Participant: 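The structure's right below; bear with me while I get my questions together.
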Amino acid sequence: MLDRSILREDPEKVRWALDVKGVDVDFDETLAIDEEWRELKAKGDELRHERNEVSSEIGELKQTGKEEEAQEAIERSGELKTELQEIEERADELEERFERALLELPQIPHESVPVGEDEADNEERYREGFDDLRDLPEEVVPHYDIGEELDLLDFERGAKVTGGGYQFVKGDGARLEHALIQFMLSVHREQGYTDVFPPIPVNSASMRGTGQLPKFAEDAYRVGARQDDEYDDDDLWLLPTAEVPVTNMYRDEILLDEDLPLKHQAYSPNFRREAGEHGTETRGYVRVHQFNKVELVNFVRPEESYDRLEGLLSEAEEVLKRLELPYRVLDMCTGDMGFTQAKKYDIEVWAPGDDMAEGPEEGGRWLEVSSVSNFEDFQARRAGIQFRPEHHKSAQYLHTLNGSGVAVPRVMVAILEYYQNDDGSITVPEALRPYMDGQELIEGHRPVGESALGAGEGE
RNA sequence: GCCGGGAUGGCCGAACGGUAAAGCGCACGCCUGGAAAGCGUGUUCCCGUAUGGGAUUCUGGGUUCAAAUCCCAGUCCCGGCGCCA
């Protein structure tokens, strides 16, 4: 949420943000609402002042036994009440509209962000890990095929048990995923993160605090209600990212200066409806309705947030470096950045299995595994998270940042493809072996059930 | 799930229909060679350049000229009973 004073003092800046982020709202109307509200508010305050005076007069008159005069004053008070009601009703309505409009204004991008329309305008900052690539098989088999061949991924049964977009990860695949999670958590623990195991359902107030609501209701799963039912603050949703519970952990609180910077990491499943995403990327373990992620959340002093953004980026990168997976880092442009962010980097890992037009020269494709963002005080203001710079001073909004400690499934994809061997087995990255009882190779399993027979995979 | 009690500033805590005490903490000022103590002022949000005004006792409704206070609904906390990995 933007500070309302910025709308009054520098509306052009807001207009610019709307333009470069490609957000379409009637900003002039919002300004007009604010103006009219202030007028009514002043008038209402005046009437209320009068009424307060009359009211305390009544108190005095009653106590000194002047019943008649008191009666007169009571009548006068009644008149004021009617008048007030009219004005305040109108003012309340305007304020509500203003608040709602305020929630739909996006964060203003930082001056260092490249201006652009869509992903084509993102700027690549650098690549890592391409100098010393592994020897790959002639044809790298895409993860969804090799995952099924080795019986590590099972999309059909996931669809049977739950629905399309859900999957079973099995055997060594499941072990690999567990290992990845534990590995990430310990890397970040070394970097000074405190572990948090968050609740999975979160209420609407939390979803609003981090910016998922009201604009993105259709992307999240409702709990105990129909998707399109109206919702209030206490209604529940399945978390789309652990950012929601972890950031909102301190909602409506004031932290102490010595608490900062505060670094939390949270492993959780994430639930996304991916509404309207059909046709693009529905295959495999890349865009699914439920996936695991280790999320990094930082609470910092405002003047430190941009340094911390760089720190957060390298903390997230560390995971890929230690896994020796090639990747690149993008500076996201204004149009591709998202509603809540002031600046954002994406980390994309190289998955060599599927050649795609947008991929690197080596073939394969890029997979976004992490977004590292600075929200400045946008979320803090929505969620009411403040800190006290010095014990005496008044509280001010802190800055929040977050980054995926990389999304687990897409790293699984990269491992299944990049660590693939000629004989169709998968080498376990060295960094993960301690988390898999020293296992070095994944050779797959014999599938269970007669449906596998026809595919030539059975006995 | 049922029954009972509760929610007031950064913290503690009074007022229990007449318009939100006191204390602690913290800051500023006075005092001091300096500090402590002491004294004074301040310490939520909104409108206003400002004098100033308004709002605010968990949230939302209601009763009343007037609600922290009474009534209804909800949320959370505490205690008891029940159920339960």
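Bear in mind the structure is a predicted one, so any value in this text is a computation, not a measurement. In what follows, chains carry the letters A, B, and so on, assigned in the order in which the sequence lines appear, proteins first and then strands, with residues in each chain numbered from 1.
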Participant: To check you understand the geometry: which heavy-atom pair defines the closest contact between A/Thr210 and A/Thr340, and what is its length?
Facilitator: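 Scanning both residues completely, I find the closest heavy atoms to be O-CG2, 3.7 Å.
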
Participant: Considering just the side-chain nitrogens and oxygens of A/Lys81, establish if one lies under 4.0 Å of OP1 or OP2 belonging to B/A66.
Facilitator: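 Checking B/A66 against A/Lys81, a side-chain N or O does come within under 4.0 Å of OP1 or OP2.
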
Participant: Between A/Glu88 and A/Lys41, is there a side-chain N and carboxylate O pair less than 4.0 Å apart?
Facilitator: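 Salt bridge flag = no for A/Lys41 with A/Glu88.
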
Participant: If I take atom CD in residue A/Gln85 and atom P in nucleotide B/U64, what distance separates them, rounded to the nearest angstrom?
Facilitator: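 The distance from CD of A/Gln85 to P of B/U64 comes to 12 Å, rounded to the nearest Å.
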
Participant: Taking atom C1' of B/G17 as reference, at what distance in whole Å does atom CD1 of A/Ile58 sit?
Facilitator: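 Answer to the nearest Å: 14 Å.
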
Participant: Suppose you measure atom P in B/G10 against the same atom in B/G6; what distance do you get, rounded to whole Å?
Facilitator: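 The same atom, P, in both gives a distance of 24 Å.
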
Participant: Can you check the distance between B/U69 and B/G82, where both ends of the measurement are the C1' atom (answer in whole Å)?
Facilitator: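 Their C1' atoms lie roughly 35 Å apart.
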
Participant: So among A/Gln191, A/His188, A/Glu315, which one has a side chain to side chain donor-acceptor pair (under 3.5 Å) with A/Lys263?
Facilitator: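 So, applying the side chain to side chain donor-acceptor pair (under 3.5 Å) to A/Lys263 and each of A/Gln191, A/His188, A/Glu315, only A/Glu315 qualifies.
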
Participant: Quick one: sort the A/Tyr166 and A/Tyr221 rings into parallel, tilted or perpendicular, breaks at 30° and 60°.
Facilitator: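 Rings of A/Tyr166 and A/Tyr221: tilted, as their planes differ by 30° to 60°.
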
Participant: When the C1' atoms of B/U57 and B/G48 are compared, how many Å lie between them, rounded to an integer?
Facilitator: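 B/G48 and B/U57 have their C1' atoms separated by 27 Å.
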
Participant: For a quick test of reading the model: is some side-chain N or O of A/His49 closer than 4.0 Å to OP1 or OP2 of B/G53?
Facilitator: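 False: A/His49 side-chain N/O out of range (4.0 Å or more) of B/G53 OP1/OP2.
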
Participant: Of A/Gly44 and A/Gln386, whose nearest nucleotide on RNA chain B comes first from the 5' end?
Facilitator: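 Comparing both residues, the 5'-ward one is A/Gln386.
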
Participant: What I want to check is whether an N or O donor and acceptor connect the side chain of A/Asp45 with the base of B/G53 at under 3.5 Å.
Facilitator: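 Counting by modelled atom types and ignoring angles, a donor-acceptor contact under 3.5 Å is found here.
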
Participant: Considering only NZ, NE, NH1 and NH2 on the basic side and carboxylate oxygens on the acidic side, decide whether A/Glu79 and A/Arg76 come within less than 4.0 Å.
Facilitator: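 Judged by the 4.0 Å cut-off on N to carboxylate O distance, A/Glu79 and A/Arg76 do form a salt bridge.
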
Participant: Between A/Arg38 and A/Ile254, just flag the one whose closest nucleotide in RNA chain B comes earlier from the 5' side.
Facilitator: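 Its nearest nucleotide lies further toward 5', so the answer is A/Ile254.
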
Participant: Rounded to the nearest Å, what distance is computed from the CZ atom of residue A/Arg76 to the P atom of nucleotide B/C65?
Facilitator: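 Checked: the CZ to P distance equals 16 Å.
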
Participant: Check the phosphate of B/U19 against A/Asn52, side-chain N and O only, distance under 4.0 Å to OP1 or OP2. Yes or no?
Facilitator: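 For B/U19, OP1/OP2 do not have a side-chain N/O of A/Asn52 under 4.0 Å.
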
Participant: So what's B/G29 paired with, Watson-Crick or G-U wobble, going by both distances under 3.5 Å?
Facilitator: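 Looking at the geometry, B/G29 pairs with B/C39.
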
Participant: Taking OH from A/Tyr397 and C1' from B/C45, how many angstroms apart are they, rounded to a whole number?
Facilitator: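 Roughly 9 Å, once rounded to whole Å.
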
Participant: Taking the P atom of each, how far is B/G23 from B/G40, in whole Å?
Facilitator: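 Looking at atom P only, B/G23 and B/G40 are 10 Å apart.
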
Participant: Which value, in whole Å, describes the distance between the P atoms of nucleotides B/A55 and B/G60?
Facilitator: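 15 Å, rounded to whole Å.
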
Participant: Is there a side-chain polar atom (N or O) of A/Arg51 under 4.0 Å from OP1 or OP2 of B/A66?
Facilitator: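 Indeed, a polar side-chain atom of A/Arg51 lies that close.
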
Participant: Find the distance A/Leu94:CG to B/C46:C1' and express it as a whole number of Å.
Facilitator: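 For the pair A/Leu94 CG and B/C46 C1', the rounded distance is 15 Å.
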
Participant: What does A/Ser77 touch in the nucleic acid at a heavy-atom separation under 4.0 angstrom: a base, only the sugar-phosphate, or nothing?
Facilitator: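 Sugar-phosphate contact only.
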
Participant: For atom C1', what is the distance between B/A14 and B/G4, given to the nearest Å?
Facilitator: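 Result for the C1' pair: 24 Å, nearest Å.
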
Participant: Distance check, C1' atoms only: B/A27 and B/C46, in whole angstrom units.
Facilitator: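 To the nearest whole Å, 24 Å.
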
Participant: When the C1' atoms of B/U59 and B/A68 are compared, how many Å lie between them, rounded to an integer?
Facilitator: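 Going atom to atom, C1' in each nucleotide, I get 15 Å.
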
Participant: Rounded to whole Å, please give me the gap between CD in A/Glu46 and P in B/U51.
Facilitator: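 Distance, rounded to whole Å: 17 Å.
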
Participant: How long is the line joining CG of A/Leu61 and P of B/A66, in whole Å?
Facilitator: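 Distance, rounded to whole Å: 16 Å.
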
Participant: Quick one: is A/Arg8 getting a side-chain N or O under 4.0 Å of the B/C47 phosphate, OP1 or OP2?
Facilitator: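 Yes, because at least one side-chain N or O of A/Arg8 sits under 4.0 Å from OP1 or OP2 of B/C47.
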
